[in-house]
There are 2 protein chains.
Amino acid sequence: METLLKSLGDEKRCEIIRLVWSRELPAATIAAHFPDVTRSAISQHLGVLRRADLVHERREGPRRLYSANQGELARVRAFVDSFWTSSLEKLKLVAEAAANESGEVQ
Amino acid sequence: METLLKSLGDEKRCEIIRLVWSRELPAATIAAHFPDVTRSAISQHLGVLRRADLVHERREGPRRLYSANQGELARVRAFVDSFWTSSLEKLKLVAEAAANESGEVQ
DNA sequence: TTCTTACGTAAGAATCAACTTACGTATTGT
DNA sequence: ACAATACGTAAGTTGATTCTTACGTAAGAA
């Protein structure tokens, strides 16, 4: 969950997710929406989103088409909701679930 | 909003918010829940949360009592929800679709 | 094959984030 | 007044983030 929230902690990345929310877009089209930074910077933002599984990449010829993974966003929404619904006793379970999914090895 | 999301991008800060979600706690009590880091580190996390207005501070004698600002969390929730519901985004997509149909190349 | 398009990645600079230790400042008790 | 308590803040280190330029690769067109 920390990875997800960190990924959303950048305005450009949030905007990218909105751009590909309901359709696929190639990287160049996404980059064109950000005239103030280079295509490389956007490519790296896409890498962050991809590793957080917040977007899906599909290759079609030389293009890479990106689309939002709404399911991961739904998990973020559930996490934020859990501030209201999680009792103090459930706190440990939430923390453990977050730790498990962040891939810690023991 | 970026400040809010960045503040939530740290597990300890999320846990602090949970701790003071429905009651006030003094800084020392909060710090006691994090035996792996110093009290200073927690004090700095509280500063981040305070500047993001995610917690409220009330002074009582030598103590500083913290409590969650649920209203700011509600703004985060609304922001996440807006990925699904933002009509502005829907309009933007319609406009972009029209632009693509008329043959703009990038 | 060679050029162009569409992309990722490497390397490096500048900035930011999360911590530590050390210190400063109110407040309260003696 | 003096010491103890409860806290924030300064300074410094380390590692992560965000960008740039430069380069590499795969796919398709000429």
Side-chain angles (χ1 to χ4, degrees), chain A residues 1-17 19-20 23-67 95 98-99 102-104, chain B residues 1-17 19-20 23-68 100 103-106:
Chain A
M1 183 54 63
E2 202 174 4
T3 302
L4 281 175
L5 286 167
K6 276 190 159 68
S7 298
L8 295 178
D10 182 281
E11 256 176 27
K12 289 190 186 70
R13 287 197 289 263
C14 283
E15 186 63 28
I16 289 173
I17 291 172
L19 286 171
V20 298
R23 61 164 174 179
E24 292 178 313
L25 284 181
T29 304
I30 296 168
H33 280 84
F34 300 93
D36 294 346
V37 294
T38 61
R39 183 189 55 74
S40 172
I42 299 303
S43 179
Q44 288 170 67
H45 279 307
L46 285 169
V48 170
L49 291 172
R50 203 186 323 118
R51 284 186 290 275
D53 200 23
L54 279 165
V55 299
H56 178 245
E57 179 197 289
R58 183 171 70 87
R59 303 195 183 192
E60 191 182 69
R63 292 187 186 80
R64 311 216 183 173
L65 300 172
Y66 288 94
S67 53
S102 68
E104 101 285 29
Chain B
M1 184 52 63
E2 203 174 1
T3 301
L4 281 175
L5 286 167
K6 276 189 160 68
S7 299
L8 294 179
D10 182 282
E11 253 177 31
K12 290 191 186 69
R13 288 196 289 264
C14 284
E15 195 159 343
I16 288 172
I17 291 172
L19 285 172
V20 299
R23 60 174 170 171
E24 290 179 315
L25 285 180
T29 304
I30 296 168
H33 281 82
F34 299 94
D36 293 346
V37 294
T38 61
R39 183 189 55 75
S40 174
I42 299 305
S43 180
Q44 287 171 66
H45 279 308
L46 286 169
V48 171
L49 292 172
R50 203 186 322 119
R51 282 186 289 276
D53 201 23
L54 279 165
V55 298
H56 179 247
E57 179 197 290
R58 183 172 70 87
R59 302 195 184 193
E60 192 181 68
R63 292 185 186 80
R64 312 216 183 173
L65 299 172
Y66 288 93
S67 54
N100 286 333
E104 112 279 49
V105 180
Q106 295 165 5

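Every chain is numbered from 1, with letters handed out A, B, ... down the list of sequences.
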Value rounded to 0.5 Å, distance of NE2 in B:His33 from CD in B:Glu15: 8.0 Å

Close N or O pairs between protein and nucleotides 21-25 of chain D (under 3.5 Å):
| unit_1 | atom_1 | unit_2 | atom_2 | d |
| --- | --- | --- | --- | --- |
| D:dT21 | O4 | A:Ser40 | OG | 2.9 |

OP1 or OP2 of D:dT18 versus the side-chain N and O atoms of A:Arg13: is any pair under 4.0 Å? yes

In this structure, CD of B:Gln44 is separated from CZ of B:Arg39 (nearest 0.5 Å) by 10.0 Å

Atom CZ of A:Phe34 and atom P of D:dT20 are separated, to the nearest Å, by 13 Å

Calculate the interatomic distance between A:Asp36 atom CG and D:dC19 atom P; express it in whole Å. 10 Å

What is the minimum heavy-atom distance between A:Thr3 and A:Ala52, and which atoms define it? CG2-CB, 4.0 Å

Whole-Å distance between D:dA6 P and B:Ile42 CD1? 17 Å

Do A:Ile16 and A:Phe34 come within less than 4.5 Å of each other through their side chains, counting heavy atoms only? yes

Decide if atom CZ of B:Arg63 counts as having more than 12 heavy atoms of other residues, nucleotides or ligands within a radius under 6.0 Å. no

Please state how far atom CG in A:Leu5 lies from atom P in C:dA17, giving the value in whole angstrom units. 16 Å

Please check the phosphate of C:dA17 (OP1 and OP2 only) for any side-chain N or O of B:His45 closer than 4.0 Å. no

Rounded to the nearest 0.5 Å, what separates atom CD1 in B:Ile30 from atom NE2 in B:His45? 12.0 Å

Could you state the NZ-C1' distance from B:Lys6 to C:dC16, rounded to the nearest angstrom? 9 Å

Please tell me if A:Lys12 has a side-chain N or O lying less than 4.0 Å from either OP1 or OP2 of D:dT18. no

Which residues in residues 48-61 of chain B have at least one heavy atom lying under 4.0 Å from any atom of DNA chain C? B:Gly61

Where do B:Arg13 and B:Ser7 come nearest, in terms of heavy atoms and distance? NE-O, 2.8 Å

Side-chain contact test, heavy atoms from C-beta onward, threshold under 4.5 Å: evaluate it for B:Leu8 versus A:Leu8 and give yes or no. no

In terms of the nearest nucleotide of DNA chain C, which residue is placed more toward the 5' end: A:Pro26 or B:Asp10? A:Pro26

D:dT14 -> Watson-Crick or G-U wobble partner, both distances under 3.5 Å, gives C:dA17

Value for CG (B:Leu49) from CD (B:Glu57), rounded to nearest 0.5 Å, stands at 12.0 Å

